[in-house]
Number of protein chains: 2
Amino acid sequence: MSCSIARSLEQIGEWWTLLIIREAFFGTRRFGAFQANLGIAPNVLTQRLQDLVGHGILEITASSENGRALDYGLTDKGRDLFPLIVALAQWGDRHAAAPEGPPVRIVERRSGDDVAPITLRSSGNGRALGLHEVTVAPGPGATPQQLAYFERVRQRQAEKAAAREAGPQTQDRQDQADRKG
Amino acid sequence: MSCSIARSLEQIGEWWTLLIIREAFFGTRRFGAFQANLGIAPNVLTQRLQDLVGHGILEITASSENGRALDYGLTDKGRDLFPLIVALAQWGDRHAAAPEGPPVRIVERRSGDDVAPITLRSSGNGRALGLHEVTVAPGPGATPQQLAYFERVRQRQAEKAAAREAGPQTQDRQDQADRKG
């Protein structure tokens, strides 16, 4: 299924790739600095940087004082990955932190306060949305097969929502029906 | 560097892993359904599901009507990945969509409207924050080496911010100084 998640992962789904992008957000621009900060093998770094430039996430500029040196900087497409990087950091802070706590905080420059936890919001009034207030719908690129798939997802979620509203006993029956589904 | 981003990627950085989590958000619970919807090889799926259960992202429940069948459901830790999955989908919609457009939309159930683009927000007043309004700061788990690293990042960003405020000519000189750094 060629959904945007799968297509994104084709460009940034590799472990080192996201750490290289993190470094770029921290301001790293030079091959040597990426290598030192990440402890990555040079041949792997070369390949990943090449891929990121190929996908238009990083761009190369010649270093002004040394024609042979190259700088790698984020493009607009690359900069748009910032909310994703922060979502990853926040989830890790909460669920995958080291015993001594996270080494990095992402803070508002002016106040020094941690940025707010990333949440989904209504495009209407900006209200934060819970998981159950959100669903999937077919987009313009949906194939007939995908349309049928999303209709099944939608029906299953509507049944669950109805069961939640009807109370815990019905929910149990619904869960059983769900497992049969 | 054991930052929360790297630690998160150790748990969810694998390509198939995030697609399995996406499927779980869509309501898929059975091995056969994951396999059919993702077109993934059974041995790979078995390993990835095992890893996700091991990391506490999915949990196994015995199917109520068939003792041999297993259901895989998201734990609270898994459900907390939803903003990340949506950030990935939105970035893909914008920068990696197929020519015919994205096949999936993530919508508010009540209105059917697309959810708002995920952005960083101030924890104080909820205002959306631009990239330049945010920086990194050491957390409780920062090592002395990391403290020095973040201080360098902070200084470089402060110099850039000062250069931006001083106007384009200074910015050019700043960029040159930066490349030498």
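Numbers restart at 1 for each chain; the letters A, B, ... are given by sequence-line order, proteins then strands. Keep in mind that this is a model prediction, so the values were computed, not measured.
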Inset, instruction - Under 4.5 Å heavy-atom distance to chain A, tell me which part of B:Ile106 shows up: side chain, backbone, both or neither. - result: both
Legend entry - Any donor-acceptor N/O pair, B:Trp15 side chain to A:Leu9 backbone, under 3.5 Å: yes
Legend entry - Residue among B:Pro99, B:Gly92, B:Gly126 with most heavy-atom pairs under 4.5 Å to chain A: B:Gly92
Inset, instruction - Mind ranking B:Pro117, B:Ala87, B:Gly39 by heavy-atom pairs under 4.5 Å with chain A and telling me who comes out on top? - result: B:Ala87
Legend entry - Geometric class of the A:Phe82/A:Phe25 ring pair [parallel <30°, tilted 30-60°, perpendicular >60°]: tilted
Legend entry - chain B contacts, top residue of A:Asp93, A:Thr17, A:Asp113 (heavy-atom pairs, under 4.5 Å): A:Asp93
Legend entry - Which portion of B:Ile85 sits near chain A, non-hydrogen atoms under 4.5 angstrom: both
Legend entry - A:Thr75 side chain vs A:Ile57 backbone, donor-acceptor pair below 3.5 Å: yes
Legend entry - Polar contact flag, side-chain donor to acceptor under 3.5 angstrom, A:Glu151-A:Gln155: yes
Legend entry - Interface moiety of B:Leu81 toward chain A, non-hydrogen atoms closer than 4.5 Å: both
Legend entry - Proximal component of A:Asp114, with respect to chain B [non-hydrogen, under 4.5 Å]: backbone
Inset, instruction - Decide whether A:Asp51 and A:Gln47 meet the rule of one side-chain donor and one side-chain acceptor closer than 3.5 Å. - result: yes
Inset, instruction - Answer yes or no: is there a donor N or O on one side and an acceptor on the other, between the side chain of B:Arg79 and the main chain of B:Leu74, under 3.5 Å? - result: yes
Legend entry - Heavy-atom proximity to chain A below 4.5 Å, by part of B:Thr28: both
Legend entry - Contact leader toward chain B among A:Gly124, A:Gly13, A:Ser122, where contacts are heavy-atom pairs under 4.5 Å: A:Ser122
Inset, instruction - With a 4.5 Å cut-off on heavy-atom pairs, point out which of A:Arg94, A:Glu108, A:His132 contacts chain B the most. - result: A:Glu108
Inset, instruction - Please determine, among A:Thr143, A:Ile12, A:Asp80, A:Leu131, the option with the most heavy-atom pairs under 4.5 Å with chain B. - result: A:Asp80
Inset, instruction - Give, as side chain, backbone, both or neither, the part of B:Val86 having an atom under 4.5 angstrom from any heavy atom of chain A. - result: side chain
Legend entry - Criterion side chain to side chain donor-acceptor pair (under 3.5 Å) against B:Lys77, the qualifying member of B:Gln11, B:Glu59, B:His55: B:Gln11
Legend entry - Partner chain B: residue of A:Ala33, A:Ala96, A:Gly56 with the largest heavy-atom pair count (under 4.5 Å): A:Ala96
Inset, instruction - Taking A:Ser4 for its side chain and B:Pro102 for its backbone only, find out whether a donor-acceptor pair lies under 3.5 Å. - result: no
Legend entry - Sidechain N-carboxylate O distance under 4.0 Å for A:Arg127, A:Glu133: yes
Inset, instruction - Identify which part of A:Leu129 has an atom lying under 4.5 Å from any heavy atom of chain B, answering side chain, backbone, both or neither. - result: side chain
Legend entry - Under 4.5 Å from any heavy atom of chain A - which part of B:Glu10: both
